[in-house]
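A short write-up of the structure that comes next.
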Amino acid sequence: MTRHPGPRAPRRTASPVLLFLAALLALLPALSVLTAPGARAADGEPAVSLSKKEAGKGGEITVSGSGWRAEALLMLLICGQSTPERGVVGGTNSCANADGRAVTTDKKGAFSKKLPVTEPPKPCPCVVHVATVTGEQALADAVFTVAGHPTADLPEQTGGGKLAVLATTRLEGDSSLLTWFGAPPTRRLVFTVGNLGSAPAKDPVFEIGTAHGVYAPQWEERQWRGTVAPGAKAQIKLPVELSAGAHGDYQVSLRYGKKVLAEQPWGVGRPWGVTLFWVLLCLVVPAAVFRIGMAVVDKVRPRPAGSHRTRTPATRRRPKRRGRTGTGAGRGATTEATTNAATSTDATTNVATSTDATTVVLPWFTPDSAPSENRPRPTTKGQA
């Protein structure tokens with residue numbers, strides 16, 4: 001029996017409503033991630049949270065963060081005269097630097113660190129300031145109140161102009177002789193700025209940062225006295241100073257507000273005078289100690305026996321006799337005989353003295369064995 005094909009049933013197609021519901025269910029996880037508190041960290045912006053918003057001196061809080069670079073070194077500080085909107089107004093001089101803490105982020109850019117509560121040198125409003133130490137600069141502030149610490153209004157911002165650097169910056173000045181011996185190197189950062197805003201910039205406050213190697217710059221405030229009118233320009237010179245004994249390659253940065261306007265490299269020579277001083281010190285001090293030691297040893301060491309020689313008594317000199325004039329030969333012969341006898345007596349005395357001196361100098365001779373003039377000489381066979 002053969003079956004004849006009949007008319008096929010129409011194929012059902014999915015309705016648009018079902019497709020929309022399926023797409024919405026697929027997007028729910030992504031929407032939940034975007035609306036979660038950690039969405040700021042997913043965008044790569046650093047975030048900071050505190051376990052307590054207020055604590056007194058001597059307490060402790062836990063600082064947590066996310067969205068930072070992986071394995072980045074961070075510095076945690078409690079700073080006064082600061083807000084998250086304006087940042088740390090006085091720079092690190094407004095922070096309790098001695099009681100800060102360092103922390104390294106994990107592979108996901110998160111961290112958690114306990115921070116002791118101390119009073120900053122400036123009055124509140126205060127923040128917990130977190131900033132990178134090495135690599136690309138990043139920072140974040142969280143509002144914090146130090147209980148019992150004085151509170152004061154923030155200083156007014158001077159000028160509302162927008163300054164921009166119009167020409168290449170340069171460093172002026174030269175090192176002195178004292179720098180060769182370790183004095184702090186100093187220069188002047190010269191640059192030209194123009195006011196691009198509609199309000200004059202009166203007594204603008206710049207920040208000079210100096211960085212060495214991979215470390216982040218250390219910022220210091222420098223205020224320039226003067227006014228830059230809208231559309232005008234002015235040449236500004238700000239002093240730059242490094243620490244004592246600094247040498248190597250440095251990077252000088254100029255910042256106005258939160259914007260870095262310019263960067264200038266600075267190669268600082270090594271203070272060879274300090275090296276020369278230490279080399280001379282290592283040579284002169286041991287030599288002086290050696291000379292003093294040798295003098296002391298020569299002073300206290302015992303003298304060997306027989307080092308002091310016995311002086312031979314000087315031969316007694318007989319006074320010269322005045323010659324007498326005589327008329328006969330007998331008188332002259334008598335005088336000559338007397339002179340010979342005296343000479344013989346002096347020779348005998350000198351021999352005895354020499355014998356005694358020899359006996360003293362050579363102690364191995366006994367008095368009996370020493371040669372003597374009184375002992376008879378031995379006779380030989382055939383002598384009368």
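Here the structure is a predicted model, which is why all the values come from computation and not from measurement. Side chains included, hydrogens not; waters and symmetry mates left out as well; all remaining heavy atoms used. Numbers here are sequence positions counted from 1.
- Rounded to the nearest 0.5 angstrom, M75 CE and L139 CG are separated by 14.0 Å.
- To the nearest 0.5 Å, atoms OG1 (T168) and CZ (F191) are separated by 13.0 Å.
- The environment of CD in Q218 is sparse: at most 12 heavy-atom neighbours from other residues, nucleotides or ligands sit within 6.0 Å.
- Hydrophobic clustering places L50 together with F111 (ILVMFWY residues linked when any side-chain heavy atoms are closer than 4.5 Å, directly or through intermediates).
- At least one side-chain heavy atom of F144 sits less than 4.5 Å from a side-chain heavy atom of I61.
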Stepwise side chain to side chain contact (heavy atoms under 4.5 Å, CB included) test for I236 and T192:
CA-CA 6 Å; I236 299 176; T192 302; over 6 Å; no
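- The minimum heavy-atom distance between G226 and P204, with the atom names listed, is O-CD, 3.8 Å.
- Residue pairs satisfying the side chain to side chain donor-acceptor pair (under 3.5 Å) criterion with at least one member in residues 274-301, sequence neighbours excluded, are listed as follows: D298-R301.
- Under the 4.5 Å side-chain heavy-atom criterion for ILVMFWY residues, a single connected hydrophobic cluster contains both V128 and V146.
- Side-chain atoms of T105 come within 3.5 Å of backbone atoms of A72 as a donor-acceptor pair (strictly under, hydrogens ignored).
- Sorted by first then second residue, the salt bridge (Lys or Arg N to Asp or Glu O under 4.0 Å) pairs that include residues 178-200, not counting sequence neighbours, are E172-R188.
- Atoms OG and CD, from S253 and Q264 in turn, are 10.0 Å apart once rounded to the nearest 0.5 Å.
- A search for side chain to side chain contact (heavy atoms under 4.5 Å, CB included) contacts involving V285 returns L281, V289, not counting sequence neighbours.
- A distance-only check finds no donor-acceptor pair linking the side chain of S66 to the backbone of A47 [under 3.5 Å].
- Residue pairs satisfying the disulfide bond (SG atoms under 2.5 Å apart) criterion with at least one member in residues 57-120, sequence neighbours excluded, are listed as follows: C79-C95.
- Here the side chain of N195 pairs no donor or acceptor atom with the backbone of L163 at under 3.5 angstrom.
- A donor-acceptor pair is defined here as one N or O able to donate and one able to accept, closer than 3.5 Å; such a pair exists between the side chain of T83 and the backbone of R86.
- Ring pair W266/Y250 is tilted by interplanar angle, where 30° to 60° counts as tilted.
- Heavy atoms only, all atoms of each residue included: A147 and E54 are closest at CB-OE2, 3.8 Å.
- Across L77 and A96, no two heavy atoms sit closer than the pair CD2-O, 3.8 Å.
- Placement of V143 and V63 in two distinct hydrophobic clusters is found when ILVMFWY residues are connected by side-chain heavy-atom separations under 4.5 Å, directly or transitively.
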With side chain to side chain contact (heavy atoms under 4.5 Å, CB included) as the test, would you mind laying out the steps for T104 and L74 before giving the verdict?
CA-CA 6 Å; T104 303; L74 308 178; over 6 Å; no
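- Residues A211 and A216 share a closest heavy-atom pair of CB-C, 4.1 Å.
- Between the NZ atom of K237 and the CZ atom of R170 there is a distance of 7.0 Å, given to the nearest 0.5 Å.
- Between W68 and V48, the closest side-chain pair of non-hydrogen atoms falls below 4.5 Å.
- Grouped by direct or indirect side-chain proximity (heavy atoms under 4.5 Å, Ile/Leu/Val/Met/Phe/Trp/Tyr only), L283 sits with V279.
- At a threshold of 4.5 Å between non-hydrogen side-chain atoms, the residues D99 and I78 do not count as touching.
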Walk me through it: do Q81 and L154 pass the test side chain to side chain contact (heavy atoms under 4.5 Å, CB included)?
CA-CA 6 Å; Q81 197 174 330; L154 293 177; 4.0 Å; yes
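- Of the possible donor and acceptor atoms, none in the side chain of H212 sits under 3.5 Å from a partner among the backbone N and O of T210.
- Between Y256 and V193, the closest side-chain pair of non-hydrogen atoms is not below 4.5 Å.
- With a 6.0 Å radius and a threshold of 12 heavy atoms from other residues, nucleotides or ligands, D249 has its CG atom at or below the threshold.
- Here the CG-CZ distance, from L238 to F206, works out to 6.5 Å after rounding to the nearest 0.5 Å.
- T179 places no side-chain N or O within donor-acceptor distance of the main-chain N or O of L177, the cut-off being under 3.5 Å.
- You'll find the side chain of Y215 reaches within 4.5 Å of the side chain of V133, heavy atoms only.
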Assess whether side chain to side chain contact (heavy atoms under 4.5 Å, CB included) is satisfied between Q223 and D203, documenting all intermediate values.
CA-CA 7 Å; Q223 187 174 15; D203 298 338; 3.5 Å; yes
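- The heavy-atom pair separating T169 from E263 by the smallest distance is OG1-O, 4.1 Å.
- Side chains of L189 and L171 form a contact here, defined as non-hydrogen atoms less than 4.5 Å apart.
- Side-chain contact between H149 and P120: present, with at least one pair of heavy atoms (C-beta onward) separated by less than 4.5 Å.
- Sorted by first and then second residue, the pairs that involve residues 114-145 and meet disulfide bond (SG atoms under 2.5 Å apart), not counting sequence neighbours, are C124-C126.
- L242 and V252 fall within a single hydrophobic cluster, where Ile, Leu, Val, Met, Phe, Trp and Tyr are joined by side-chain heavy atoms under 4.5 Å apart, directly or via other members.
- Residues V274 and F277 share a single hydrophobic cluster, defined by chaining ILVMFWY side chains whose heavy atoms lie under 4.5 Å apart.
- Of all heavy-atom pairs spanning G56 and V117, the tightest one is O-CG1, 3.2 Å.
- Around the NZ atom of K107, the shell of radius 6.0 Å holds no more than 12 heavy atoms that belong to other residues, nucleotides or ligands.
- When side chains are defined from C-beta on, R101 counts as touching P116, because their heavy atoms get closer than 4.5 Å.
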